Amino acid sequence: MGVGWPRNDVSQAVLKRKTFQKGKVMRDPVSKSHLWKKPCWEKYFRVKTPGEAVQILEELQGESRVIAGGTDLLARMRQEGFGVKALVDITCIPGLGEIRSEDGLIRLGAVATPKDLSQSSVLREKAFCLAQAASQIGTPQIRNLGTLGGNLCNASPAADLAPPLLIFEAKAKIAGGKGEREVPLDSFFTGPGQTVLNPSEILKEIIIPELRLDASATFLKLGRRKAADLALVSVAVLLAMDRKERTCQLIRIGLGSVAPTPIRAKQAEAFLIGRRLDDRSIQEAAQSAMRESQPISDVRASSQYRREMVGVMVERAIRKCLEQLEGKDV
Amino acid sequence: MKRILKLHVNGEDFEILTEIHKTLLEVLREDLGLTGTKRGCDLGTCGACTVLIDGKPHLSCLTLTADVQGKKITTIEGLAQDGQLHPLQKAFAEKGAIQCGFCTPGMILTAKALLDEDPHPSEEKVKKAISGNLCRCTGYVKIVDAILSVTDKSSES
């Protein structure tokens, strides 16, 4: 969400400032606001149905953008100074922000805000780790404004909601000119900032199953500070085990911020499945997850540190799931 | 393109002829002259531009004015009543919770939203509530003290 963008520039600018020569008059590199242009669009549509949104997007052939909370889009338009012909606001579509549970499935409307998700009684009861992740996005103000769909469609590798949705094997319901289609979330992201959505499609809904009663799930986020920061590494784990043998029946590991897209650590999962859950197997699974991650170095952290933390956090998350399972009476 | 927008700010109704792509922050400062709301990062990170929309803290730099027609907007100018400062404003002044003052309007409004929802928050909850408001003078301790002092007073009375 919007929180990430300026920090890169600011920190880099501060680093550069140290090398300035004395006596040279330079503009303060920290403030780039004199370079920013106003967000610019010719038309702003507040649509009432997904079909209407798709129609406008098709007519304008890629010269329009969907806007929901605007926490990423407006900030980026301002920083990069790009304009579009039209913005299509989908936040007024009735029911698109609903969170409901039916037939063992939870349906999350695309414009539900992180605040809605974190306070939803459905999620707190049936998919708590998603509510947990939502309550750690950005800042309280951003959580009032941003949306689930925006978090996913912006396709940041650090999107906080992606790892917990990946471990629930979420499906994305997409509306387009040729009707609706469903895409599994792990093939939804195609690269940093890129998704399978074509320019005239909108994300309508995310569908996840309820958490199995004999399973537990958890989400951990590591940042440089507790608020207003992107994750350096985020990990979500879903675990179910045979209580007698302590063998792993089901394991899913979702990782954020350590690859071009949010990913599942499938080799680590394959390693652990059917194995007895003890210190050694958990540590080996964590190491496998480290090998699967491909983090980059940036102003927030080095790739070595991120990879190291993948191991620490995966181990911690699995242990936390185990604790929760042991406390559960099934 | 200019259009007439109807806004409800600090208990008053306004009709403003303005560019439709203006943010609430720009309209408040440039069209209504309410410069108490500050423009900090203009990207939704710092919280200096926080205003209350229907009682909840929102970032006015990322809010389009056209979206908040018909909603109740409160800025820092709307807190004092009949020349009397709001208890939070008084507490900030008395406790020295103001250094350069740039984050203060956003801080106070965020704190007000918290106290309206929960009149007796814990220190932890106060810290969490203002986690989206950055104070670059880093005077957070006194800010938290000031907010907590208001909760004490209301419990005594």
Side-chain angles (χ1 to χ4, degrees), chain A residues 1-10 30-46 67-80 83-84 86-87 89 91-92 113 115 135-146 150 223 225-230, chain B residues 1 3 5 18-26 30 39-71 106-107 109-111 113-114 117 121 124-136 138 140:
Chain A
M1 311 219 122
V3 208
W5 290 98
R7 304 186 60 89
N8 269 332
D9 295 342
V10 173
V30 173
S31 165
K32 283 192 177 173
S33 57
H34 57 283
L35 296 174
W36 297 348
K37 293 169 195 154
K38 298 257 147 113
C40 213
W41 53 88
E42 286 163 30
K43 279 186 174 160
Y44 194 91
F45 297 96
R46 268 182 199 81
I67 183 166
T71 55
D72 280 315
L73 187 62
L74 288 182
R76 246 173 57 208
M77 287 175 97
R78 213 164 279 164
Q79 267 189 316
E80 294 166 20
V84 289
L87 287 179
D89 184 341
T91 54
C92 307
T113 66
K115 175 117 185 194
S135 70
Q136 292 179 50
I137 290 177
T139 66
Q141 287 94 326
I142 292 284
R143 294 196 283 275
N144 281 334
L145 193 59
R225 56 202 302 283
K226 282 183 190 162
D229 204 2
L230 296 183
Chain B
M1 194 171 68
R3 238 202 237 151
L5 300 173
T18 192
E19 301 282 345
I20 53 161
H21 66 248
K22 272 196 173 179
T23 61
L24 180 58
L25 174 67
E26 289 166 329
E30 293 161 16
R39 179 180 158 186
C41 64
D42 219 7
L43 288 170
T45 304
C46 73
C49 67
T50 303
V51 298
L52 302 184
I53 298 175
D54 288 338
K56 282 194 184 135
H58 272 265
L59 298 166
S60 61
C61 75
L62 292 178
T63 305
L64 296 176
T65 315
D67 280 342
V68 290
Q69 297 187 87
K71 291 186 178 166
M107 281 288 182
L109 287 167
T110 308
L114 169 71
E117 203 183 277
E124 199 50 43
K125 204 166 171 192
V126 170
K127 285 183 180 167
K128 212 165 177 194
I130 60 165
S131 62
N133 294 79
L134 303 188
C135 166
R136 293 296 81 174
T138 64
Y140 291 107

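Just so you know, these numbers come straight off a predicted model, no measurement behind them. Sequence lines set the chain letters: A, B, ... in the order given, protein chains first and strands last, and positions in each chain run from 1.
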Tell me, for [X] versus chain A, whether the close heavy atoms (under 4.5 Å) come from the side chain, the backbone, both or neither.
{"X": "Cys61(B)", "result": "both"}
{"X": "Leu64(B)", "result": "side chain"}
{"X": "Ala129(B)", "result": "backbone"}

Has the side chain of [X] got a donor or acceptor atom that lies under 3.5 Å from a matching backbone atom of [Y]?
{"X": "Arg78(A)", "Y": "Asp42(B)", "value": "yes"}
{"X": "Tyr44(A)", "Y": "Asp89(A)", "value": "no"}
{"X": "Arg143(A)", "Y": "Ile137(A)", "value": "yes"}

Side chain, backbone, both or neither: which part of Lys226(A) has an atom under 4.5 Å from a heavy atom of chain B?
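Lys226(A) has no heavy atom closer than 4.5 Å to chain B.
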So if I apply the side chain to side chain contact (heavy atoms under 4.5 Å, CB included) rule between Ile67(A) and each of Asp72(A), Leu74(A), Val84(A), which one comes out positive?
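Answer to the side chain to side chain contact (heavy atoms under 4.5 Å, CB included) test with Ile67(A) among Asp72(A), Leu74(A), Val84(A): Leu74(A).
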